[in-house]
Amino acid sequence: MFYFAFRLVLLPLLRWLFRPRVEGVGRVPGAGAVILAGNHQSFTDQLLLGATLRRRLTFLAKQEYFTAPGLKGRATAALFRALGQIPVDRSGKDAARAALDTALQVLDREGVLGIFPEGTRSHDGRLYKGKVGVAAMALRSGAPVVPVAIIGTFEAQPKGRRLPRRVPVVLRFGEPLDFSRYAGMENERLVLRAVTDQIMYAVQRLSEQEYVDVYAAEARVAWEARAAAA
């Protein structure tokens with residue numbers, strides 16, 4: 001109940017700030033388990049998606065959002081809890097399995113799971129290589145994957161910018177992707193890679209971003225190293 005009450009407050013604010021244009025949201029199934037897989041350019045991405053859908057949307061959020069110190073940290077934690085987000089510890093060898101198990105619990109309840117396959121926000125607005133966790137979730141659950149492109153949030157609030165600019169934003173949903181033909185192959189690394197690449201290709205077609213076949217975290221480290229050496 002609190003999730004939807006909070007959404008009623010958040011939605012007018014987001015509409016005023018970003019003036020989002022939503023395309024194809026009817027492609028998201030009205031019932032049953034579904035995975036939303038999108039590009040990730042800003043902190044506001046998941047807020048916009050959550051405010052756009054009629055169904056409750058659950059993201060697996062990094063645990064640091066819930067444990068950061070200070071007033072800002074407490075406010076962020078309260079916001080993510082209000083939106084029903086689930087903290088996930090991404091450290092240690094069992095982190096990936098814990099994240100997968102948590103995601104499958106959401107899908108087993110026929111919920112809507114949101115995920116950014118890039119794993120972190122793009123530092124330069126380009127689209128980066130997806131991690132195979134999204135494929136593992138899709139194959140283990142049997143849930144369709146709806147690709148979604150969020151356009152304009154990098155210009156509004158790139159990583160490191162405290163307050164967003166007021167710029168137009170587009171949320172563009174694609175046709176659901178069915179991977180049932182790969183049932184039982186969720187432990188095949190090549191299959192997971194192929195499924196992930198298909199999802200990222202669908203996201204790229206919707207977003208029209210330049211695609212980089214490197215993980216976003218690795219690209220950011222290399223970029224920071226070059227900046228430090230300059």
Side-chain angles (χ1 to χ4, degrees), residues 35-49 59-65 88-100 102-103 113-140 145-161 164 167 169-175 177 179 182 185-230:
I35 299 170
L36 292 188
N39 57 332
H40 196 16
Q41 303 188 84
S42 172
F43 174 81
T44 55
D45 291 341
Q46 56 207 72
L47 302 181
L48 283 165
L49 282 173
F59 269 93
L60 303 183
K62 62 182 181 180
Q63 192 172 37
E64 291 87 339
Y65 283 139
V88 175
D89 183 1
R90 302 188 301 177
S91 63
K93 63 180 181 180
D94 295 326
R97 181 175 297 277
L100 177 59
T102 303
L113 179 75
I115 184 171
F116 299 121
E118 292 168 278
T120 188
R121 284 170 283 175
S122 172
H123 69 280
D124 58 6
R126 297 187 293 177
L127 182 68
Y128 284 89
K129 185 176 182 178
K131 296 186 176 183
V132 299
V134 63
M137 294 172 191
L139 298 192
R140 287 186 182 276
V145 178
V146 175
V148 56
I150 308 169
I151 303 165
T153 54
F154 180 78
E155 291 74 18
Q157 191 180 21
K159 192 169 185 177
R161 182 178 175 86
V167 301
V169 168
V170 177
L171 284 81
R172 185 174 293 152
F173 295 82
E175 295 288 348
L177 303 175
F179 297 107
Y182 296 117
M185 304 175 70
E186 58 270 13
N187 293 320
E188 299 290 336
R189 182 72 184 183
L190 292 179
V191 172
L192 293 178
R193 183 74 263 160
V195 168
T196 303
D197 288 346
Q198 184 176 339
I199 293 169
M200 297 309 292
Y201 176 67
V203 172
Q204 191 278 328
R205 289 190 64 186
L206 292 168
S207 70
E208 299 181 345
Q209 290 169 274
E210 178 184 348
Y211 177 76
V212 184
D213 195 27
V214 176
Y215 291 118
E218 296 175 0
R220 183 173 180 84
V221 169
W223 175 77
E224 290 175 343
R226 289 193 299 270

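Below, all heavy atoms of this structure are taken into account, side chains as well, without hydrogens, waters or symmetry copies.
- Annotation: side-chain contact (heavy atoms from CB on, under 4.5 Å) contacts of F59 (sequence neighbours excluded): Q46, L49, L57, Q85, F116.
- To the nearest 0.5 angstrom, E118 atom CD is 8.5 Å from H40 atom NE2.
- The distance from atom CG of D197 to atom CG of D213, rounded to the nearest 0.5 Å, is 7.0 Å.
- G38 and P117 make their closest contact through O-CD, 3.3 Å (heavy atoms, listed as atom of the first residue, atom of the second, distance).
- The CD atom of E208 lies 6.5 Å from the CD1 atom of I151; values are rounded to the nearest 0.5 Å.
- Every residue meeting the ring pair (Phe, Tyr, Trp, His ring centres under 6.0 Å) condition with F43, not counting sequence neighbours, appears here in chain and number order: Y65, F80.
- Pairing each heavy atom of A156 with each of V167, the nearest pair is CB-CG2, 3.4 Å.
- Between the CZ atom of F154 and the CD atom of Q209 there is a distance of 9.5 Å, given to the nearest 0.5 Å.
- Between E224 and H123 there is no side-chain heavy-atom pair separated by less than 4.5 Å.
- Across every non-hydrogen atom of V169 and G152, the tightest pair is CG2-C, 4.1 Å.
- Heavy-atom minimum distance, A217 versus T120: N-CG2, 3.9 Å.
- Within the 4.5 Å cutoff, the side chain of N39 has no heavy atoms near those of the S122 side chain.
- The neighbour count for R205 CZ, taken as heavy atoms of other residues, nucleotides or ligands under 6.0 Å away, does not exceed 12.
- Using a 4.5 Å cut-off on side-chain heavy atoms (C-beta onward), V214 and R220 make no contact.
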Could you list the donor-acceptor pairs under 3.5 angstrom formed between side-chain atoms of residues 127-139 and any protein atom two or more places apart in sequence or on another chain?
unit_1: Y128; atom_1: OH; unit_2: D124; atom_2: OD1; d: 3.2
unit_1: Y128; atom_1: OH; unit_2: D124; atom_2: OD2; d: 2.8
unit_1: Y128; atom_1: OH; unit_2: R126; atom_2: NH2; d: 3.3

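- The two residues E175 and P147 make their nearest non-hydrogen contact at O-CD, 3.3 Å.
- For the pair R193 and T196, the minimum side-chain heavy-atom distance is below 4.5 Å.
- Residue G174 comes nearest to L206 through the heavy atom pair N-CD1, 3.6 Å, listed as atom of the first residue, atom of the second, then distance.
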